[in-house]
Chemist: 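Structure incoming, see below.
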Amino acid sequence: MTPEEAVAEQERLRSLVVPRTDPGLVVRRVAGLDVSYAEDDRLAAAVVVLDAGSLETVEEVVVPGRADFPYVPGLFAFRELPSLMTALERLSAPPDLLVCDGQGLAHPRRFGLACHVGVLTGLPSLGVAKTPMGRFTPPGEHRGAHSDLVDDGEVVGRALRTREGVKPVFVSVGHLIDLDRACAEVLRLCVTRLPETTRRADALGRAQLR
DNA sequence: GCGACAG
DNA sequence: ATCTTGTCGC
């Protein structure tokens, strides 16, 4: 697939994003998705499922793969999606929510990795990025403080302080969830700056490359 | 031409 | 993303 085709694919799928939460959504099994890279073109896609209440790990899947798409800002998903989808298919049961490492609607075409994974799986999803895709005013210093993440005059996500006095993370809607609920879910997953879901998926992916 | 640009 | 231990600070 060429970068041009990838852009067309994003524009075709973005209309399928549902930025609302089903009234009956109960999040018990939460999955963290992350991909680690080796020095060559090898990569490892990891998915770790936690019990949302206890934060205990209940399932892990890691899949080896190759980076066959270049890293291009805005097309990031095409690098990680194939292996992540394979990993998700190997879970014993679909999670209630997918927590992605990167942006959701906070994307130049409003279709970041979190939206893409959500639409392809049909599962609720959200994105937690370590750097912003847009502008924001620093949120208050206390845990839970937040401010709008704005891009092109639109509120595309939120800068969320997940820990007192630490740089905020950037949360945006992926699919089948609203921004308030997305931030609430992220906050309850955070013991340190990043959600436990992504921290554990990151650790699993790195271990796999050894 | 210059700056921006998830991981 | 990755290269990387100890260390300064609360």
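Lettering follows sequence order; numbering is per chain, from 1. These numbers come from a predicted model, not from an experiment.
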Chemist: Roughly how many Å is it from CZ in A:Arg199 to C1' in C:dA1, rounded to a whole number?
Modeler: 18 Å
Chemist: What is the distance, rounded to the nearest whole Å, between atom CZ of A:Arg42 and atom C1' of C:dA1?
Modeler: 14 Å
Chemist: Measure from CG on A:Asp41 to P on C:dA1 and round the result to the nearest Å.
Modeler: 18 Å
Chemist: To the nearest Å, how far apart are A:Asp202 CG and C:dT4 C1'?
Modeler: 15 Å
Chemist: Would you say A:Val156 and A:Arg110 make side-chain contact, with heavy atoms under 4.5 Å?
Modeler: yes
Chemist: Once you apply a heavy-atom cut-off of 4.0 Å, does A:Arg135 come out as touching a base, just sugar-phosphate, or nothing?
Modeler: nothing
Chemist: Would you say A:Val58 and A:Leu50 make side-chain contact, with heavy atoms under 4.5 Å?
Modeler: no
Chemist: So how far is it from A:Cys100 SG to A:Asp34 CG, rounded to the nearest 0.5 Å?
Modeler: 10.0 Å
Chemist: If the threshold is 4.0 Å, N to carboxylate O, is there a salt bridge linking A:Arg158 and A:Asp180?
Modeler: yes
Chemist: Side chains of A:Phe136 and A:Pro168: does their closest heavy-atom pair fall under 4.5 Å?
Modeler: yes
Chemist: Identify each atom pair where a protein N or O and an N or O of nucleotides 3-7 of chain B are less than 3.5 Å apart, giving names and distance.
Modeler:
| from | atom 1 | to | atom 2 | distance (Å) |
| --- | --- | --- | --- | --- |
| B:dA6 | OP2 | A:Tyr71 | OH | 2.4 |
| B:dA6 | O4' | A:Gln103 | NE2 | 3.4 |
| B:dA6 | O3' | A:Thr131 | OG1 | 3.3 |
| B:dA6 | N7 | A:Gly74 | N | 3.1 |
| B:dA6 | N6 | A:Gly74 | O | 3.2 |
| B:dA6 | N6 | A:Phe76 | N | 3.4 |
| B:dA6 | N6 | A:His107 | NE2 | 3.3 |
| B:dA6 | N1 | A:Leu113 | N | 3.0 |
| B:dA6 | N3 | A:Gln103 | N | 3.0 |
| B:dG7 | OP1 | A:Lys130 | N | 2.7 |
| B:dG7 | OP2 | A:Thr131 | OG1 | 2.9 |
| B:dG7 | O3' | A:Asp101 | OD2 | 3.0 |
| B:dG7 | N7 | A:Tyr71 | OH | 3.4 |

Chemist: Do the side chains of A:Arg66 and A:Asp41 get close enough for a salt bridge, i.e. N-O under 4.0 angstrom?
Modeler: yes
